[in-house]
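One structure is given below, encoded as structure tokens.
Labels below follow one simple rule: chain letters A, B, ... track the order of the sequence lines, proteins then strands, and each chain is numbered from 1.
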Number of protein chains: 2
Amino acid sequence: MGLRELKRERTRRLIADKAFELFTDHGFGRTTVEQIAAAAEVGPSTLYRYFPTKETLVLEFVEDCLMDAVAWFREQPPVDLPDGLQAVIERVLEELERNPDRVRAVYEMADQTPSVSAHLQELIWRFREELTEELVRRLSGPDPQLVEFTAALSAGSAMNIIETVVRMWVDNPDGIDVKELAHRAMSLLRGGGIPLPAAPSDNAIHGP
Amino acid sequence: MGLRELKRERTRRLIADKAFELFTDHGFGRTTVEQIAAAAEVGPSTLYRYFPTKETLVLEFVEDCLMDAVAWFREQPPVDLPDGLQAVIERVLEELERNPDRVRAVYEMADQTPSVSAHLQELIWRFREELTEELVRRLSGPDPQLVEFTAALSAGSAMNIIETVVRMWVDNPDGIDVKELAHRAMSLLRGGGIPLPAAPSDNAIHGP
DNA sequence: TCGAATATGGTAGTCACTACCATATGACTG
DNA sequence: CAGTCATATGGTAGTGACTACCATATTCGA
């Protein structure tokens with residue numbers, strides 16, 4: 001690897017770290033891009049070459065986790081569909097759990113800044129689309145429309161589980177075991193689509 | 001109703017219609033807010049009082065469909081959980097199918113404008129949150145965390161089905177029967193979470 | 001060491017969006 | 001009907017994210 005790419009990675013990390021620092025200290029909305037550039041000792045022009053939008057400074061970490069998981073899944077040998085989805089889900093959750101503080105910070109910013117929330121959702125959507133594409137590539141069937149439908153719905157289910165588990169995790173600081181929760185959700189993936197409580201009395205919905 | 005609210009609704013509609021016209025003619029990115037305001041013969045200041053962001057000019061219709069469905073569901077008598085979700089899904093799809101051109105236009109803009117896509121996803125996320133909240137209110141159970149989990153996962157499943165069906169619908173101009181597709185998806189909601197094709201040979205995933 | 005490829009910094013500008021104020025227009029009271 | 005109050009509107013000035021562009025500096029291959 002040349003010196004060029006080394007420096008590039010270094011300044012990239014520097015900018016991202018300084019940005020995260022300023023965001024957590026003063027808030028996303030109260031931090032300008034110029035301030036970040038100044039803190040990283042680069043020009044605003046340079047910053048924009050690395051990060052096309054202000055939001056990517058926050059969400060790049062999550063994006064990496066999701067896209068790495070898809071890339072990993074692409075190289076996996078063929079398996080049963082539920083097994084494959086389970087593997088992807090576990091992979092994403094493991095990567096996210098590597099930096100709990102980072103994940104929590106991202107979700108806090110998303111909660112109080114609509115544009116961050118929007119870009120986060122868009123990120124998740126793109127992950128879902130990539131996963132769908134890979135599932136289509138792997139699934140076989142006579143009806144291509146049915147394959148597309150099946151793949152999209154499956155990818156959505158996986159994304160649903162990931163999102164739900166992560167949200168429960170970040171909302172409950174210390175009372176959540178991600179692995180246990182994910183396991184419970186995944187058993188629903190194999191059983192019924194709707195996670196109905198075990199007791200029959202809990203199956204009913206009560207009015208207002 | 002006073003003359004005041006009448007005029008307000010009128011100018012609101014006027015702005016939204018002119019905006020949609022300009023967007024479809026020249027594209028979302030190539031239309032400025034000032035142009036829209038000029039076309040509706042109002043000041044930019046007035047426009048921003050009605051629509052806080054440029055994206056809301058596009059997405060208000062979808063937002064109305066989703067939020068109306070939730071509001072409707074809130075007033076429904078208690079029913080079985082799968083039945084309730086099915087009702088919400090049908091409600092949303094019916095409302096969207098009322099203006100097919102509008103829905104198609106929205107998704108086209110979302111496909112070619114990241115900020116529109118982001119705001120659309122954020123809208124869907126908010127719908128999911130509202131639906132989750134209502135499900136929590138209706139569900140009973142000894143463990144509140146399990147209730148929250150169940151509700152979030154259920155709302156996510158409903159949203160997953162809606163999003164998948166709508167996406168298939170807008171991607172295939174005339175070859176999709178929304179009702180039929182929704183029916184198929186909803187049967188999966190009651191059966192297994194993963195939509196596996198009927199033939200056993202289709203259950204396997206094949207490698208690259 | 002020289003020239004090509006690329007990374008950087010700065011400038012000028014567009015545009016979405018906000019805060020604020022003066023004015024005009026419906027709405028209600030005597 | 002006149003007056004007054006609440007609210008709607010239009011305009012101005014500004015912030016800040018983002019783009020296009022160009023001159024300079026740095027790194028790489030020969």
Answer yes or no on whether [X] is positioned over the face of [Y], meaning its NZ or CZ is under 6.0 Å from the six-membered ring centre and within 45° of the axis.
{"X": "R102(B)", "Y": "F20(B)", "result": "yes"}
{"X": "R138(A)", "Y": "F73(A)", "result": "yes"}
{"X": "R13(B)", "Y": "Y50(B)", "result": "no"}

### Task
Assign Y50(A) to base, sugar-phosphate, or nothing according to its heavy-atom contacts below 4.0 angstrom with the strands shown.
sugar-phosphate

### Query
With distance as the sole criterion, is a donor-acceptor pair present between the side chains of R128(A) and T164(B) under 3.5 Å?
yes

### Query
Side chains of W125(B) and Q121(B): do they bring a donor and an acceptor to under 3.5 Å?
no

### Task
In whole angstrom, give the distance that lies between atom CG of L6(A) and atom C1' of dT6(C).
16 Å

## Note on the structure
E9(B) atom CD is separated from dA8(D) atom C1', nearest whole Å, by 14 Å

### Task
For A16(B) and L57(B), work out which heavy atoms get closest and say how close.
CA-CD2, 4.4 Å

### Query
What pair of heavy atoms forms the shortest contact from V92(A) to A69(A), and how long is it?
CG2-CB, 3.4 Å

### Task
Check each of L139(A), V136(A), L135(A) against E148(A) using the side-chain contact (heavy atoms from CB on, under 4.5 Å) test, and report the only one that passes.
V136(A)

### Task
For nucleotides 12-22 of chain C, just jot down a letter per nucleotide in 5' to 3' order: B, S or -, based on protein non-hydrogen atoms under 4.0 Å.
---SSBB----

### Message
At under 4.0 Å between heavy atoms, how does the protein contact nucleotides 25-30 of chain D? Give one character per nucleotide, 5' to 3', with B, S or -.
### Response
-BBS--

